[in-house]
Amino acid sequence: MKEMKKHAVFVDGAITPGFVSEALQKHSVNKNIGAHSLFLGQVRNDVINGQKVAAIEYTAYNEMAEEKFQEIREAAFENFDLICMHIYHSLGKVNAGEISLFVFTSSTHRKEAIRACEYIVERIKKEAPVWGKEIFLNNEYQWKKNTD
Amino acid sequence: MKEMKKHAVFVDGAITPGFVSEALQKHSVNKNIGAHSLFLGQVRNDVINGQKVAAIEYTAYNEMAEEKFQEIREAAFENFDLICMHIYHSLGKVNAGEISLFVFTSSTHRKEAIRACEYIVERIKKEAPVWGKEIFLNNEYQWKKNTD
Amino acid sequence: MNVNVLVFGQIADITGKESLSITGVASTDELVQLLQQKYSGLKELKYLVAVNKKIIQQSTELKDNDTVALLPPFSGG
Amino acid sequence: MNVNVLVFGQIADITGKESLSITGVASTDELVQLLQQKYSGLKELKYLVAVNKKIIQQSTELKDNDTVALLPPFSGG
């Protein structure tokens, strides 16, 4: 039986720049990596109907999301020549200007890393059962809509 | 006369994970950014004719390279809907496992950031007058060849 | 027979809670009809239905203790 | 008339120095011929020629104090 390594994806609150640099630092020991591609989603303070977004509060169908992230992970390794990859997504409140999604792919060559990263980001946006509640400065809210 | 802002690209030695996190941190104040795309080139310890690469030593035709980076920068802003972009490239010795190129694009939406980042990386590889000398563990060397 | 129903996002706003326990429905179509009677706001919303974490495209028979989730459009990232 | 010649990478390995001062050449073709006589290893190398930081595709007339660079294939990043 193939053992499935567990990969934690959900992070409580914002993903910090320090978290990103630690992730990078860990990969310096893997000296057959030639290219890293990183995507970071940052919360915007959009103005919607005159109200400014102060934060997004993320919730998820955790068990289903974890299975989906695992499925995306396996598909990425199957479709691209990757050495490693990581997905981190916030749950809970993330303020405007903070980071809520971090996708990190590493490969021997740049094109595989870049394409895999984009592939993973697109699948997460379309397929991961995660919802963002846009909380305005006046404490009202609306449910976020993802653009294509 | 249009004033041209100077953008330092060359960095002495390796680009550290801490440098990357500081760059990210600085962009948290820009709250109309929704997506960052980062490319990081890492030096591989390739084995070539039985010899393992220990480091790459980078040299450049600095004045021409700076003009080329500025040209790529302007073309990126013209072709993509970017909020900001940064290029950092090492000069001097960078050990295997360390980072020698850092391209950083930020946009409102993910697709523009991702595509601009790839565009910039490809142009740097093809057009920037920079040379890497692969130094082997036994102190012999050869001049690096970029793959397509 | 009992099924667990999980709701998320704006659907949870309508139901006022994130999970419901429903008895006496044999299929997802029956379940959705029952929920629409109970929560009329549900009719105006777009959502996918998942049974035991798998998204279904057409009405699916339900077994005791199945988990059905109503998933409004995803907006992660 | 004097031109400054800059060489890089494996070309600097052949010349043993990174810059040369050359007099009495009127065009880039003349300059390259002179350098190939002086450094025969140059004939086996691929390189581009830049005059005052602009890459040229064909022989170009040189003026006093122009800077000509011989650029082997780039390998940055």
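Lettering of chains follows the sequences in order, A, B, ..., and the numbering in each one begins at 1.
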Engineer: Work out which heavy atom in B/Ser21 is nearest to a heavy atom in A/Pro17; give both atom names and the distance.
Structural biologist: CB-O, 3.2 Å
Engineer: Under 3.5 Å, is there a donor-acceptor pair between the A/His36 and B/Gln42 side chains?
Structural biologist: yes
Engineer: Has A/Lys93 got more than 12 heavy atoms of other residues, nucleotides or ligands less than 6.0 Å from its NZ?
Structural biologist: no
Engineer: Heavy-atom count around B/Asn138 CG within 6.0 Å, excluding the residue itself: above 12?
Structural biologist: yes
Engineer: Between B/Arg44 and A/Asn32, which heavy-atom pair has the shortest distance, and what is it?
Structural biologist: CD-O, 3.2 Å
Engineer: Is A/Glu98 close to chain B through its backbone or its side chain, or both, or neither, when contacts mean heavy atoms under 4.5 Å?
Structural biologist: neither
Engineer: From A/Ser106 OG over to B/Leu40 CG, what is the distance, rounded to the nearest 0.5 angstrom?
Structural biologist: 9.0 Å
Engineer: Heavy-atom cut-off 4.5 Å, strictly under: side chain, backbone, both or neither for A/Ile33 against chain B?
Structural biologist: both
Engineer: Using side chain to side chain contact (heavy atoms under 4.5 Å, CB included), reason through A/Ile99 and B/Leu24 one step at a time and then give a plain yes or no.
Structural biologist: CA-CA 10 Å; A/Ile99 292 162; B/Leu24 262 180; 4.0 Å; yes
Engineer: Any chance you could lay out the salt bridge (Lys or Arg N to Asp or Glu O under 4.0 Å) test for A/Arg115 and B/Glu118, step after step, and finish with the verdict?
Structural biologist: CA-CA 9 Å; A/Arg115 279 163 204 176; B/Glu118 181 170 18; 3.7 Å; yes
Engineer: Just do the salt bridge (Lys or Arg N to Asp or Glu O under 4.0 Å) check on A/Arg110 and B/Glu122 with the steps written out, would you?
Structural biologist: CA-CA 9 Å; A/Arg110 65 188 183 278; B/Glu122 293 302 320; 2.9 Å; yes
Engineer: Any idea which of B/Asp46, B/Thr108, B/Val43 has the most non-hydrogen atom pairs under 4.5 angstrom with chain A?
Structural biologist: B/Thr108
Engineer: Answer with side chain, backbone, both or neither: which region of A/Leu101 has an atom nearer than 4.5 Å to a non-hydrogen atom of chain B?
Structural biologist: neither
Engineer: Please classify the contact of A/Asn95 with chain B as side chain, backbone, both or neither, using a heavy-atom distance under 4.5 Å.
Structural biologist: neither
